[in-house]
Amino acid sequence: MYKKILVPIDILEDELSQELIAHIEQIAKVGKPEIHFLTVIPNAELFFGIEFAAIPEKFKDSSERTRLAFVALQEMIKDAKIPDEQIVCNVGVGNAKDEILEYARHIDADLIAIASHRPNVSSYLLGSTASSIVRHAKMSVLVIR
Ligand code: ADP
């Protein structure tokens with residue numbers, strides 16, 4: 001029985017995320033696991049694709065983007081049929097796969113549940129984030145197709 005399940009959510013992919021959430025609703029019924037929804041936004045360097053020193057001062061702080069991402073994540077899961085007391089929401093800043101793996105270690109997750117890839121990017125059966133997680137995670141990974 002799972003105790004802590006990490007569910008990485010891409011807030012730009014509403015339809016895909018809703019499919020993932022539908023699976024999680026079922027899993028969440030068994031043994032009342034904590035469900036951690038995590039979305040990762042790029043840090044300023046990744047966002048602008050330039051060195052940190054070259055970024056205008058007012059854009060260096062990512063706290064406002066983090067706040068907006070948190071609101072978007074909550075909006076995305078608001079209709080999920082999962083009891084509130086089982087849900088934890090968080091926003092990571094940086095590279096998606098690194099942040100997801102780090103967060104999973106940090107909470108000692110016993111499962112990561114992830115969608116396989118964006119539906120419109122059909123050439124790969126496993127997206128880049130999903131494949132890195134399957135490869136590098138120490139815990140079990142459930143890939144939703
Ligand atoms: P693709 O390469 O087709 O974009 P990905 O491997 O990036 O596919 O995405 C598969 C899944 O990885 C997503 O459905 C989501 O669960 C997770 N994921 C991708 N990007 C992020 C992100 N920025 N934050 C949280 N989870 C993400």
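Counting starts at 1 for both ligands and their atoms, in listed order.
Other cluster members for Met76: Tyr2, Ile5, Val7, Ile9, Ile11, Leu20, Ile21, Ile24, Ile27, Ile35, Phe37, Leu73, Ile77, Ile82, Ile87, Leu111, Leu142, Ile144, joined by side-chain heavy-atom distances under 4.5 Å among Ile, Leu, Val, Met, Phe, Trp and Tyr.
Within the structure, ligand 1 has Ile100 among the residues with a heavy atom less than 4.0 angstrom away.
Set against the non-hydrogen atoms of Ile114, the atoms of ligand 1 under 4.0 Å away are 11 (C), 12 (O), 16 (O), 17 (C). For ligand 1, the atoms sitting less than 4.0 Å from at least one non-hydrogen atom of Ser128 are 2 (O), 6 (O), numbered in the order shown with element in parentheses. With ligand atoms numbered from 1 in the order given, ligand 1 contributes 25 (C) to contacts under 4.0 Å with heavy atoms of Leu38. Close approach to Ala130 involves these atoms of ligand 1, each under 4.0 Å from a residue heavy atom: 6 (O). Annotation for ligand 1: atoms under 4.0 Å from non-hydrogen atoms of Leu16 are 14 (O).
Side-chain N or O atoms of Glu99 include none that pairs as donor or acceptor with a backbone N or O of Gly94 at under 3.5 Å. The main-chain N or O of Pro42 is found under 3.5 Å from a side-chain atom of Arg65 such that the two form a donor-acceptor pair.
Sorted by first and then second residue, the ring pair (Phe, Tyr, Trp, His ring centres under 6.0 Å) pairs with a member in residues 42-93 read Phe48-Phe59; sequence neighbours excluded.
Atom CG in Leu16 sits 8.5 Å away from atom NE2 in His117 (nearest 0.5 Å).
The number of heavy-atom neighbours closer than 6.0 Å to CD of Glu64, taken from other residues, nucleotides and ligands shown, is above 12.
Backbone and side-chain nitrogen or oxygen atoms of Ser131 are examined, and none is located within less than 3.5 angstrom of a nitrogen or oxygen of ligand 1.
Among Ile112, Ile41, Leu126, Thr129, the residue whose heavy atom lies closest to atom 20 (N) of ligand 1 is Thr129.
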